[in-house]
Structure formats: structure tokens, C-alpha cells
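The structure appears right after this line, and notes come after that.
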Amino acid sequence: MRGADQFLDSLDRRATVVETEFGPIQVACEGEGPAVLVSHGGPGGFDQGLMYGRHLRDVGREVIAPSRPGYLGTPIASGRSPVEQADLMAAVLDELGVEQATILGYSSGGPAAVHLAARHPDRVRALLLDSAVTRKYETPGNVVERVFVFSTVGAWWWQQAATRWPKVAVSGFVDGFSTDLDKQQKQQTAAWITSEESRQRLVQDLWLSFGPWRARREGFANDEHNEPDLDPLPFSDITCPTLVSHGLNDGAVPVEHARHASGQITGAELILVEQGTHLLPTGRDFDAIKERQLDLTANNVD
């Protein structure tokens, strides 16, 4: 598939491979200012991390976006478990010369982010959990739905939609990544996203971060192997300021994950978003989350 090869080549040019004591890991950095390391979801890669941290990059933060093991240019052997991935990301900070960073865990990147904050407290300024997996979890969807998204053909189709038919891509995202919204609410949500180019671009880039599937398959399978039997996360060991944010209508990761995590982490703040989907920066009420994230990512966190 020549187009897929070209897309992968373009991704490789945007990132570098860093050698650590645990193995190689692909990473990209954008912006300047206090560092924010994004632990991306599944499927995904450094490109999804850059996308999800864009709102912070644009207001004076450096976004550090590694590809978790099994995704894009990071081999699965560099870290299969969330604990191993946490240690790998701490090693990335070492290699990049970053003394301390805020950790943002998105979706399936949540467990590694929690372990990083618990295991390396001196390296973590604050913990942000957005739509994050924080307890036992199984990827939702029936066989047909999963084939239409999490497969070679599905990832290819949605990449085509994201590139050629952005409104179709947005509607498909709202249908697939929200729950308990009626038809009118879905239409309103899609219209809100497409009414501003930056929000629409986030959805397009999310779809683009799902493929080519062959470059994401191993990491996604590893996440699916880990999550149904996920050991209780070390919430009691987290001492840094923590913000947990989640959409009340998230159709990918149930909002109970956020309630669970915020209830277990001492002093954690919880922000729940009405009609919020699995991509919080596209929501109507994201500004409140953004402002609090900016406070917590500043060098002088209280």
C-alpha cells in the first residue's frame, strides 16, 4: 500500500528514536515552555500525543509525545506492561534532559501515566487524566463495529474520510465515541465541532492516528491484553496535584473510570463535561479544563 508507506515515512520524519536503558522509543517534541509528556491512547502514537497536547503547546508549553511500545516506531519489547511503559517514559525524560514534567494520560495511556506519577514522583509536576482508563476495561463495540474501526480496512477508510470528507469524519466520530445522546444532540455536537476549523482538525487528526493499522496493531493488541485484567493502579502513591477530566457522554471509556480515580487520589480535582465525548478538547465546556490544566502545567504549581 504505497499511500500507507508514504504516510509512515512522513511520520518518521516528524519524530526521532531515543535509546534508553529499557530499549528504543520514538518521540516527538513541539513547543517551548514547561514540559508536558502525553501518554497517548490506543490506537495511536506520538502523532496522537501531539494532537492531544496541541491546546497546551499553543499557549506556551513544550509537548513531549512518545509512541508507547507497539505503536509506530517503538518496539513492543521496550515495555509491555503499564509499569514498564512508565519506567520507559521516565527514561525518555532522562535522555531529553527534562528534570520534571506534567504527565497527561489520555484514554488507554492512563495506566502508564498513573504508574509514572506513582513510581517517579520527583519527575512529575502534576498528573492530568483525560478520558482515561483507570480500572479494568474492555474495548467496546460488537464485531461489526470493531472491524469498521479497529482493522486495516477500517483504519484506512476513516483516514480517507478524515482527509476527504471532514464532516463525515466528524459525524462518524460523534456516533462512535459518544453514548446516551439522542439524534438531535448528536447533530448539535457535530455542528459545534465543524463550526470551528481547529476543533474539526482535532477529529480529523484523531482518525489519522488510527492508521496505518499495521503500524499500530501490536500496541493496540497489547493494550487489549492488559486492560481486562488491569491490576489496581497505585492511586494512594500519587502525591502530585491531579486533575481528572471526563465527558459524561464518553462512548469509549465510561465516566465511572474518572469517578473511581478521583475518589482514590488524595486531593484530586474532578471535572465532568455535559455532552462531553471521548475527545474533550472538542467540547463546548473545555475552556474550564484548559485553564486549570494551564495552572497545573506551570512551573510554579502549588
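Worth knowing before you read on, the calculation uses all heavy atoms, side chains too, and leaves out hydrogens, waters and symmetry mates.
- Gln48 contributes a side-chain N or O that, together with a main-chain N or O of Gly41, makes up a donor-acceptor pair within less than 3.5 Å.
- Counting only distance, with no hydrogens or angles, the side chain of Ser78 and the backbone of Thr74 share no donor-acceptor pair below 3.5 Å.
- Side chain of Ser107 to backbone of Gly109: no donor-acceptor contact under 3.5 angstrom is found.
- Glu274 CD: 12 or fewer foreign heavy atoms inside a 6.0 Å radius.
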Hey, can you pull the donor-acceptor pairs under 3.5 Å for the side chains in residues 164-173, sequence neighbours left out?
from	atom 1	to	atom 2	distance (Å)
Arg164	NE	Gln160	OE1	3.2
Arg164	NH2	Gln160	OE1	3.2
Ser171	OG	Lys167	O	3.2

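- For Trp213 and Phe7, the ring centers are positioned 6.0 Å apart or more.
- Put simply, the side chain of Arg61 gets close to the backbone of Leu294: a donor and an acceptor are under 3.5 Å apart.
- At least one donor-acceptor pair closer than 3.5 Å links the side chain of Gln185 to the backbone N or O of Asp182.
- Sorted by first and then second residue, the ring pair (Phe, Tyr, Trp, His ring centres under 6.0 Å) pairs with a member in residues 94-113 read Tyr52-Tyr106, Tyr106-His278; sequence neighbours excluded.
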**Request:** Give the C-alpha distance, both sets of side-chain angles, the deciding distance and a yes or no for salt bridge (Lys or Arg N to Asp or Glu O under 4.0 Å) between Asp237 and Arg119.
**Result:** CA-CA 8 Å; Asp237 294 334; Arg119 292 171 63 82; over 6 Å; no

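- A salt bridge links Asp295 to Arg292: at least one charged side-chain nitrogen sits closer than 4.0 Å to a carboxylate oxygen.
- Between Arg201 and Asp205, at least one side-chain nitrogen of the basic residue sits less than 4.0 Å from a carboxylate oxygen of the acidic one, meeting the salt-bridge criterion.
- The backbone N or O of Cys240 sits less than 3.5 Å from a side-chain atom of Thr242, completing a donor-acceptor pair.
- Between the CD atom of Glu197 and the CD atom of Gln204 there is a distance of 8.0 Å, given to the nearest 0.5 Å.
- No salt bridge links Asp229 with Lys136; every basic N to acidic carboxylate O contact stays at or beyond 4.0 Å.
- A salt bridge does not link Asp180 to Lys186: none of the charged side-chain nitrogens sits closer than 4.0 Å to a carboxylate oxygen.
- Applying the ring pair (Phe, Tyr, Trp, His ring centres under 6.0 Å) test to residues at least two apart or on different chains, the pairs with a partner in residues 54-95 are His40-Tyr71, His55-Phe286.
- Ion pairing of Asp47 with Arg14 is absent here, as no side-chain N (NZ or NE/NH1/NH2) approaches a carboxylate O to less than 4.0 Å.
- For Ser262 (side chain) and Ala268 (main-chain N/O), no donor-acceptor pair under 3.5 Å exists by modelled atom type.
- Between Arg123 and Glu99, no side-chain nitrogen of the basic residue sits less than 4.0 Å from a carboxylate oxygen of the acidic one, so the salt-bridge criterion is not met.
- Between the side chain of Arg216 and the backbone N or O of Ser209, at least one donor-acceptor pair lies under 3.5 Å.
- In this pair, Phe210 and Phe177 present their aromatic rings perpendicular. The plane angle is above 60°, beyond the 30 to 60° band.
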